Amino acid sequence: THNLPPGLEYLNQLDQIIIHQQVELLEAILGTETSSKYEIKNPLGQRVYFAVEENGCFDRKLCSPIRAFTIRIADNAGREVIRVIRPLRCNSCCFPCFLQQLEVQSPPGTVAGYVVQNWDPFLPKFTIQNESKEDVLKIIGPYATCGCFEDVDFEVKALNEMTTIGKISKYWSGFVNNVFTNTANFGIQVPIDLDVRIKAVMIGACFLIDLMFFENSLDGL
């Protein structure tokens with residue numbers, strides 16, 4: 001573990017990560033979009049990290065699902081251990097040369113890996129890459145991400161897309177939460193022996209999936 005990025009040692013023990021969005025009172029009451037804040041927890045519900053999105057009000061209002069952002073992830077001691085950077089790019093199969101990309105750094109300033117959207121006319125598809133931009137894993141979502149009163153699973157697969165080794169799940173949190181607060185609850189399941197840097201990249205992928213498919217959706221209806 002002495003070779004692990006500082007702050008990621010705890011991920012070495014986890015094969016399941018829970019991400020819970022905190023809903024601001026002003027946003028819940030007035031529907032005013034505020035910077036997203038998340039708690040990242042272990043399977044027992046204990047907080048491991050805390051994440052805060054940084055961007056401008058202009059980005060949130062005008063570019064909401066495709067907005068550029070930086071998410072800073074800190075441990076319980078307040079030390080920033082992961083930084084997720086998303087530039088402003090397209091979110092449409094009509095622009096296959098300018099699809100979504102996301103960079104994950106750990107420690108901040110050192111690249112841990114990338115999430116790259118792949119063009120597909122029917123399915124949400126992404127490639128997880130390491131710090132050298134070598135393909136490591138694939139993420140493939142369902143045809144429909146509306147939920148329909150159930151969880152939505154994005155399968156984590158080997159590069160051949162035949163073997164499923166985990167998943168990113170959007171948990172359906174009920175009518176009230178989805179309609180009035182649009183809160184996000186996700187679970188990440190990966191092999192426990194997966195490189196912690198790739199686990200950090202999977203957290204970044206979860207944020208990207210949330211923004212692309214669930215930010216403005218009434219999922220579960």
Side-chain angles (χ1 to χ4, degrees), residues 5 8 11 14-19 21 36 38 40 49 51-55 59 63-73 80-93 95-120 122-142 145 152-161 163-170 184 186-191 194-215:
L8 295 193
L11 290 181
L14 298 181
D15 61 357
Q16 185 176 12
I17 302 166
I18 308 299
I19 299 180
Q21 184 177 6
S36 298
Y38 303 86
I40 301 173
Y49 303 117
V52 178
E53 176 188 351
E54 293 183 353
N55 53 29
D59 292 326
C63 309
S64 185
I66 61 170
R67 65 181 181 262
F69 64 67
T70 296
I71 294 180
R72 300 181 186 273
I73 303 175
E80 185 182 358
V81 296
I82 303 171
R83 186 175 297 170
V84 181
I85 302 172
R86 180 202 194 190
L88 180 64
R89 297 178 69 91
C90 293
N91 187 19
S92 170
C93 62
F95 298 94
C97 297
F98 204 63
L99 296 176
Q100 293 293 308
Q101 290 188 15
L102 183 145
E103 179 181 300
V104 179
Q105 301 176 355
S106 184
T110 301
V111 175
Y114 302 88
V115 184
V116 179
Q117 183 184 10
N118 305 133
W119 185 86
D120 189 278
F122 304 111
L123 295 175
K125 286 190 176 184
F126 303 87
T127 298
I128 302 296
Q129 298 178 332
N130 63 17
E131 69 278 9
S132 301
K133 291 195 172 183
E134 299 168 334
D135 295 351
V136 177
L137 295 170
K138 295 283 188 177
I139 298 176
I140 301 178
T145 58
V152 179
D153 293 332
F154 287 71
E155 294 186 335
V156 180
K157 293 181 174 287
L159 292 178
N160 60 13
E161 299 187 6
T163 305
T164 300
I165 66 165
K167 62 182 177 179
I168 295 177
S169 300
K170 169 66 168 71
F186 285 88
I188 302 172
Q189 295 182 31
V190 290
L194 186 67
D195 188 321
V196 294
R197 296 170 184 82
I198 301 302
K199 290 182 182 180
V201 177
M202 294 297 296
I203 293 174
C206 188
F207 290 134
L208 180 60
I209 288 171
D210 179 26
L211 266 293
M212 289 181 64
F213 300 102
F214 303 107
E215 171 76 4

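Quick caveat: nothing in here was measured; it's all calculated off a predicted structure.
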Undergrad: Write down the atom of Asp15, the atom of Pro191, and the distance for their closest heavy-atom approach.
TA: CB-C, 4.4 Å
Undergrad: Tell me whether Lys167 contacts the main-chain N or O of Asp153 through its side chain, where contact means a donor paired with an acceptor under 3.5 Å.
TA: no
Undergrad: Carefully, step by step, assess Ile209 and Phe214 under the rule side-chain contact (heavy atoms from CB on, under 4.5 Å).
TA: CA-CA 7 Å; Ile209 288 171; Phe214 303 107; 3.9 Å; yes
Undergrad: State, yes or no, whether a side-chain contact exists between Val190 and Lys199 at a heavy-atom distance under 4.5 Å.
TA: yes
Undergrad: For residues Val152 and Pro142, determine if any side-chain heavy atom of one lies less than 4.5 Å from a side-chain heavy atom of the other.
TA: yes
Undergrad: Locate the shortest heavy-atom distance separating Ala200 from Ile82; write the atom from each residue and the value.
TA: CB-CD1, 3.9 Å
Undergrad: I'd like to check Arg72 versus Glu53 (side-chain heavy atoms, cut-off strictly below 4.5 Å). Are they in contact?
TA: no
Undergrad: So, Gln100 and Arg86: side-chain donor and acceptor under 3.5 Å apart, yes or no?
TA: yes
Undergrad: Supply the atom-to-atom distance Ile188 CD1 to Ile203 CD1, rounded to the nearest 0.5 angstrom.
TA: 5.5 Å
Undergrad: So how far is it from Ile19 CD1 to Met202 CE, rounded to the nearest 0.5 Å?
TA: 10.0 Å
Undergrad: Working to the nearest 0.5 Å, report the span between CG of Leu194 and CD of Gln189.
TA: 13.0 Å
Undergrad: For the residue pair Arg83 and Val104, establish whether any side-chain heavy-atom pair is separated by less than 4.5 Å.
TA: no
Undergrad: Output the distance between atom CG (Leu14) and atom CG (Leu8), rounded to the nearest 0.5 Å.
TA: 11.0 Å
Undergrad: Taking only Lys NZ, Arg NE, NH1 and NH2, and the carboxylate oxygens of Asp or Glu, determine whether Glu131 and Arg197 approach each other closer than 4.0 Å.
TA: no
Undergrad: With the side chain counted from C-beta on, respond yes when Ile73 and Ile40 share a heavy-atom pair under 4.5 Å apart, and no when they do not.
TA: yes
Undergrad: Just jot down the ring pair (Phe, Tyr, Trp, His ring centres under 6.0 Å) partners of Phe154, sequence neighbours excluded, or say none.
TA: Phe213
Undergrad: How far does CG of Leu211 sit from OG of Ser36, to the nearest 0.5 angstrom?
TA: 6.5 Å
Undergrad: Please examine the side chains of Val201 and Val115, heavy atoms only from C-beta on, and report whether any two atoms are closer than 4.5 Å.
TA: yes
Undergrad: Phe126: which residues meet the ring pair (Phe, Tyr, Trp, His ring centres under 6.0 Å) condition with it, sequence neighbours left out?
TA: none
Undergrad: Only distances under 3.5 Å count here; give the side-chain donor-acceptor pairs of residues 132-141 to other protein atoms, sequence neighbours excluded, each with its distance to 0.1 Å.
TA:
residue, atom, partner, partner atom, Å
Glu134, OE1, Asn130, ND2, 2.8
Asp135, OD1, Gln129, NE2, 3.1
Lys138, NZ, Thr127, OG1, 2.9

Undergrad: So, the side chain of Ser106 versus the backbone of Pro5: is there a donor-acceptor pair under 3.5 Å, distance only?
TA: no
Undergrad: If you look at every heavy atom in Ile18 and Gly187, which pair is closest and at what distance?
TA: CD1-CA, 4.2 Å
Undergrad: Determine whether Tyr114 and Leu102 make a side-chain contact, defined as any pair of heavy atoms from C-beta on separated by less than 4.5 Å.
TA: no
Undergrad: Could you give the distance from CG (Leu11) to OH (Tyr49), rounded to the nearest 0.5 Å?
TA: 3.5 Å
Undergrad: Would you confirm whether the ring centroid of Tyr38 sits within less than 6.0 angstrom of the ring centroid of Phe207?
TA: yes
Undergrad: Write down the atom of Ile128, the atom of Ala205, and the distance for their closest heavy-atom approach.
TA: CD1-CB, 4.1 Å
Undergrad: Would Gln105 and Glu103 count as having a side-chain donor-acceptor pair, cut-off 3.5 Å?
TA: yes
Undergrad: Could you check whether any side-chain heavy atom of Phe186 comes within less than 4.5 Å of a side-chain heavy atom of Ile17, counting everything from C-beta outward?
TA: no
